[in-house]
Amino acid sequence: MKGRILRSFGADTLGQVMNVFVRLLLVPLFLSSWGAESYGEWLILTTLAAWFSLGDLGGQLYFVNRMTEEWVSGKVEVFQQVLSTGLLFFIVSSVVLFGGVLLAVYSFPVASWLGLKTVDQDLAGMILLLMALRFLVSLQFGLYLGVYRAIGIQATSMMYGNLIQLIQFVASAVALMTGGGMLLMASLEVVPFLLVFIIVMLS
């Protein structure tokens, strides 16, 4: 138990340090590569996309708590049933949410509503769709990481999260230094989740 606590504390501390480090280094790169106006509009779009997190509906916390309860009770079959139910729930909610975003970006003048000047309607729509896809992938991925927490190896879950953050930072920094645009940056929000998701599934 002591070892688990120390490993979890170390993984969490590393994640917090990386988060601060990434934020401090990426902002100057964004400003030097895109300029203040384009970076500001990028922040508007990504902040809007952050509302997609409401699509979780508290599901991850609920299902992870249920899995933890069943694992501690030794009910492995029920544990698997809870995991399967959670995955089905998130697949359905993801399809509904993505469909809603798709309908919205092609039915309403999102760019003009947000007062964007350097980002046109098509680019704004693509960025929002990619950010929605990122969130939808993270729902499934988060539930799988919840399995590690439920069975008592939380540090492993945190380190996978740290790995995603590291990949995103390196890829984003390279993209900005080589003149990458917003569409590429939005894509780099999705790809690290997919890569680490594959690693988790194969482990």
Side-chain angles (χ1 to χ4, degrees), residues 1-23 46 49-102 129-172 186-203:
M1 180 63 70
K2 181 180 178 181
R4 289 178 181 178
I5 293 173
L6 289 175
R7 286 191 293 272
S8 296
F9 177 78
D12 183 59
T13 301
L14 176 61
Q16 296 297 330
V17 171
M18 287 178 59
N19 187 45
V20 173
F21 182 75
V22 166
R23 292 178 184 276
T46 53
W51 285 92
F52 299 152
S53 61
L54 295 176
D56 175 73
L57 301 175
Q60 284 196 25
L61 181 61
Y62 170 76
F63 287 115
V64 172
N65 286 342
R66 280 291 314 279
M67 286 191 293
T68 303
E69 179 183 351
E70 304 304 340
W71 182 264
V72 171
S73 301
K75 301 176 182 178
V76 179
E77 290 186 2
V78 180
F79 175 94
Q80 294 172 336
Q81 290 172 0
V82 172
L83 175 59
S84 299
T85 302
L87 288 173
L88 179 60
F89 172 79
F90 284 133
I91 288 171
V92 172
S93 64
S94 296
V95 170
V96 172
L97 178 60
F98 191 80
V101 175
L102 183 65
L129 286 174
L130 284 169
M131 297 302 288
L133 180 61
R134 172 198 182 279
F135 171 70
L136 302 183
V137 172
S138 73
L139 282 179
Q140 321 297 323
F141 181 69
L143 190 58
Y144 275 104
L145 290 188
V147 172
Y148 290 104
R149 298 198 298 274
I151 64 177
I153 47 177
Q154 186 171 353
T156 301
S157 170
M158 292 178 175
M159 288 307 294
Y160 278 126
N162 293 341
L163 178 59
I164 289 176
Q165 191 170 202
L166 178 62
I167 295 173
Q168 284 180 328
F169 167 68
V170 173
S172 298
S187 300
L188 294 176
E189 291 287 324
V190 181
V191 173
F193 275 95
L194 294 175
L195 290 175
V196 179
F197 199 169
I198 293 172
I199 294 173
V200 170
M201 293 297 293
L202 294 177
S203 62

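This structure is a prediction, so every number in the text was calculated from the model and none was measured.
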Side chain proximity check, [X] to [Y], heavy atoms < 4.5 angstrom:
X	Y	result
Asn162	Met159	yes
Leu83	Met67	yes
Phe63	Leu87	no
Trp71	Val147	no
Arg149	Leu145	yes

When the ring planes of Phe197 and Phe141 are compared, do they come out parallel, tilted or perpendicular, using 30° and 60° as the limits? perpendicular

Is a side-chain donor or acceptor of Ser73 paired with a backbone partner of Glu70 at a separation under 3.5 angstrom?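 No, Ser73 side chain to Glu70 backbone: no donor-acceptor pair under 3.5 Å.
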
To the nearest 0.5 Å, tell me how far [X] [atom1] sits from [Y] [atom2].
X	Y	atom1	atom2	result
Leu130	Phe135	CG	CZ	15.5 Å
Phe193	Leu136	CZ	CG	11.5 Å
Asn65	Leu61	CG	CG	4.5 Å
Ser138	Leu194	OG	CG	10.5 Å
Leu88	Ser93	CG	OG	9.5 Å
Ser187	Arg134	OG	CZ	13.0 Å

Of the non-hydrogen atoms in [X] and [Y], which two are nearest, and what is the gap between them?
X	Y	answer
Gln140	Ser94	NE2-OG, 3.2 Å
Met131	Thr46	CE-CG2, 3.9 Å
Gly146	Val64	CA-CG2, 3.7 Å

List the residues meeting side chain to side chain contact (heavy atoms under 4.5 Å, CB included) with Leu133, not counting sequence neighbours, and say none if there are none.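 Leu133 satisfies side chain to side chain contact (heavy atoms under 4.5 Å, CB included) with Phe98, Val137, Val190 once adjacent residues are dropped.
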
Name all residues meeting the side-chain hydrogen bond (donor to acceptor under 3.5 Å, both in side chains) criterion together with Tyr62; count only those two or more places apart in sequence or in a different chain, and write none if there are none.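 So Tyr62 forms a side-chain hydrogen bond (donor to acceptor under 3.5 Å, both in side chains) with Arg66.
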
Using side-chain hydrogen bond (donor to acceptor under 3.5 Å, both in side chains) as the criterion, list what pairs up with Tyr148, not counting sequence neighbours.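 For Tyr148 the side-chain hydrogen bond (donor to acceptor under 3.5 Å, both in side chains) partners, ignoring immediate neighbours, are Ser203.
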
